[in-house]
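Every chain is numbered from 1, with letters handed out A, B, ... down the list of sequences.
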Protein chains: 2
Amino acid sequence: MSISSRLSVGIHILALIEINKDGVSSSQFLAGSVNANPAMIRKIMGMLKKAGLIEVHPGIAGAKLAKELSDITMLDVYKAVNVVQDNELFSLHENPNPECPVGRNIQNAIEPFFSAAQLAMEKVLENVKLENVVRDILNKENII
Amino acid sequence: MSISSRLSVGIHILALIEINKDGVSSSQFLAGSVNANPAMIRKIMGMLKKAGLIEVHPGIAGAKLAKELSDITMLDVYKAVNVVQDNELFSLHENPNPECPVGRNIQNAIEPFFSAAQLAMEKVLENVKLENVVRDILNKENII
DNA sequence: ATTACATGTAATCGATTTGATTACAAGTTG
DNA sequence: CAACTTGTAATCAAATCGATTACATGTAAT
């Protein structure tokens, strides 16, 4: 099991739009850097747009950021691209036997812990600004 | 995306073995409470056994805990049933374009954050003892 | 208005994983 | 030997992922 790479692709897209801000970031251009299909990129761009992270317009080439990168967190992207639903990171087995003391209580006993674990993971994503990611990239390129 | 219910089933199995400690916890008995197929239960039992959490013997009905429940954490079960590999909770998109400054650095820029997020989640699981789960169940049954 | 190119989106495909199930080898007990 | 267990492989339908094709719709320039 792994969380879909839509999240890392989404982050890639946003970082590239920023770094290419003086150019035109079309789906084809982005696809070339991500190394993926332009249609898939457009699908993810649609999600980022719906979440208010980028601006794109039908027929007009290129996407722009709708917010400062310092106002976008990894959690924003994670929520935007729908990789994990609220409180559904962990699956609970369904229909445990209600006639067994364990079966009829196990879900309620486990669920709060699963929920807390998911929230702890999401909290880390919330504390990472996309600005950090771009800075890391520019550092590695000795541009900063 | 969701983490396999093998984890919640594993927890269920361990809790039930404890609560049924004076009885015989065969795969069929456990399957009846979990409401799953005995062969699947045996598969998970095999993983728990391999991880040193339970004792089972071919031909002999019933599983016993190999440790005190206060010495078993949710993380132990999580590792035992192989639901998520180390550092692989999040997928990174493969083969980003090495000729693009973003493409050739994005994986290294993202990976530490993904890793930290996964570890934070696992840390929560580590802090939950199966003893807590059993206590919750018994509380709800007014047995304690 | 026609051409060229963009985004938006639906449909399809192979690969992988999950959970369910059957089947059977091998061990144990009476 | 008979009846039961665990261990394990094989199979199956369903779900999901990422890749791809196809095309409707929108924009802009000639």
Side-chain angles (χ1 to χ4, degrees), chain A residues 1-10 12-13 17 23-32 34-51 53-64 66 80-85 88-97, chain B residues 1-10 12-13 17 23-32 34-51 53-64 66 80-85 88-97:
Chain A
M1 194 291 319
S2 263
I3 291 175
S4 166
S5 65
R6 279 201 305 276
L7 175 53
S8 68
V9 172
H12 187 145
I13 288 173
I17 291 174
V24 176
S25 296
S26 66
S27 65
Q28 189 159 20
F29 168 78
L30 295 169
V34 171
N35 192 18
N37 192 281
M40 211 197 64
I41 298 295
R42 287 198 291 274
K43 189 175 175 185
I44 296 176
M45 286 169 73
M47 294 176 172
L48 297 174
K49 177 185 183 179
K50 191 176 168 193
L53 303 182
I54 64 174
E55 289 177 8
V56 206
H57 302 281
I60 304 179
K64 295 290 180 186
V81 299
N82 254 310
V83 283
V84 180
Q85 308 309 310
E88 292 185 10
L89 176 59
F90 297 89
S91 304
L92 290 173
H93 56 295
E94 297 185 348
N95 307 317
N97 189 342
Chain B
M1 193 290 317
S2 263
I3 291 174
S4 166
S5 66
R6 279 200 304 276
L7 174 54
S8 69
V9 172
H12 187 144
I13 288 173
I17 291 174
V24 176
S25 295
S26 66
S27 64
Q28 191 160 19
F29 169 77
L30 296 168
V34 171
N35 192 17
N37 192 282
M40 211 197 64
I41 298 294
R42 288 199 291 274
K43 189 175 174 185
I44 296 177
M45 287 169 74
M47 294 176 172
L48 298 175
K49 177 184 183 180
K50 191 175 167 191
L53 303 182
I54 63 175
E55 289 177 9
V56 206
H57 303 281
I60 304 179
K64 294 290 181 186
V81 299
N82 254 310
V83 282
V84 179
Q85 308 309 310
E88 291 185 11
L89 176 59
F90 297 90
S91 304
L92 290 172
H93 56 295
E94 297 185 348
N95 307 316
N97 189 343

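Here the nucleotide nearest the side chain of A39(A), chosen from dA19(D), dA10(C), dG7(D), is dA10(C). Nearest nucleotide to the V56(A) side chain, out of dG8(C), dG18(D), dG19(C): dG8(C). When the nucleotides dT20(D), dT5(D), dT7(C) are ranked by their closest atom to the side chain of N37(A), dT20(D) comes out on top. Comparing atom distances between the S27(B) side chain and each of dT6(D), dA19(D), dT29(C) picks out dT6(D) as nearest.
Straight-line distance from the CD1 atom of I3(A) to the C1' atom of dA15(D): 17 Å, rounded to whole Å. Distance CZ (R42(B)) to C1' (dA9(D)): 12 Å, rounded to an integer number of Å. Atom P of nucleotide dT7(C) and atom CG of L30(A) are separated by 8 Å, given to the nearest angstrom. Between I44(A) atom CD1 and dC17(D) atom P there is a gap of 11 Å when expressed in whole angstrom units. If you take NE2 of H57(A) and P of dA6(C), they are 16 Å apart, rounded to a whole angstrom. A straight line from CD of Q85(B) to P of dT16(C) spans 16 Å, rounded to a whole angstrom. In this structure, I41(A) places its CD1 atom 12 Å from P of dT20(D), rounding to the nearest Å. With rounding to whole Å, E55(A) atom CD is found 12 Å from dG8(C) atom P.
Listed for the S5(A) side chain is no donor-acceptor partner under 3.5 Å among the backbone atoms of S91(B). Side chain of S27(B) to backbone of R42(B): no donor-acceptor contact under 3.5 angstrom is found.
Here S91(A) lies out of heavy-atom contact (under 4.0 Å) with every strand. Residue K49(A) is classed as a sugar-phosphate contact, given heavy-atom separations below 4.0 Å to backbone atoms only.
When each of P58(B) and N82(B) is assigned the nucleotide of DNA chain C with its nearest heavy atom, N82(B) is the one assigned upstream, toward the 5' end. Mapping I60(A) and A36(A) onto DNA chain D by nearest heavy atom places A36(A) closer to the 5' end of the strand.
The side chain of S5(A) places an N or O atom within less than 4.0 Å of a non-bridging phosphate oxygen (OP1 or OP2) of dG18(D).
Rounding to the nearest 0.5 angstrom, the gap separating the CD1 atom in I44(A) from the CG atom in N82(A) is 11.5 Å.
The neighbour count for K43(B) NZ, taken as heavy atoms of other residues, nucleotides or ligands under 6.0 Å away, does not exceed 12. When the shell of 6.0 Å around NZ of K50(B) is examined, it contains 12 or fewer heavy atoms from other residues, nucleotides or ligands.
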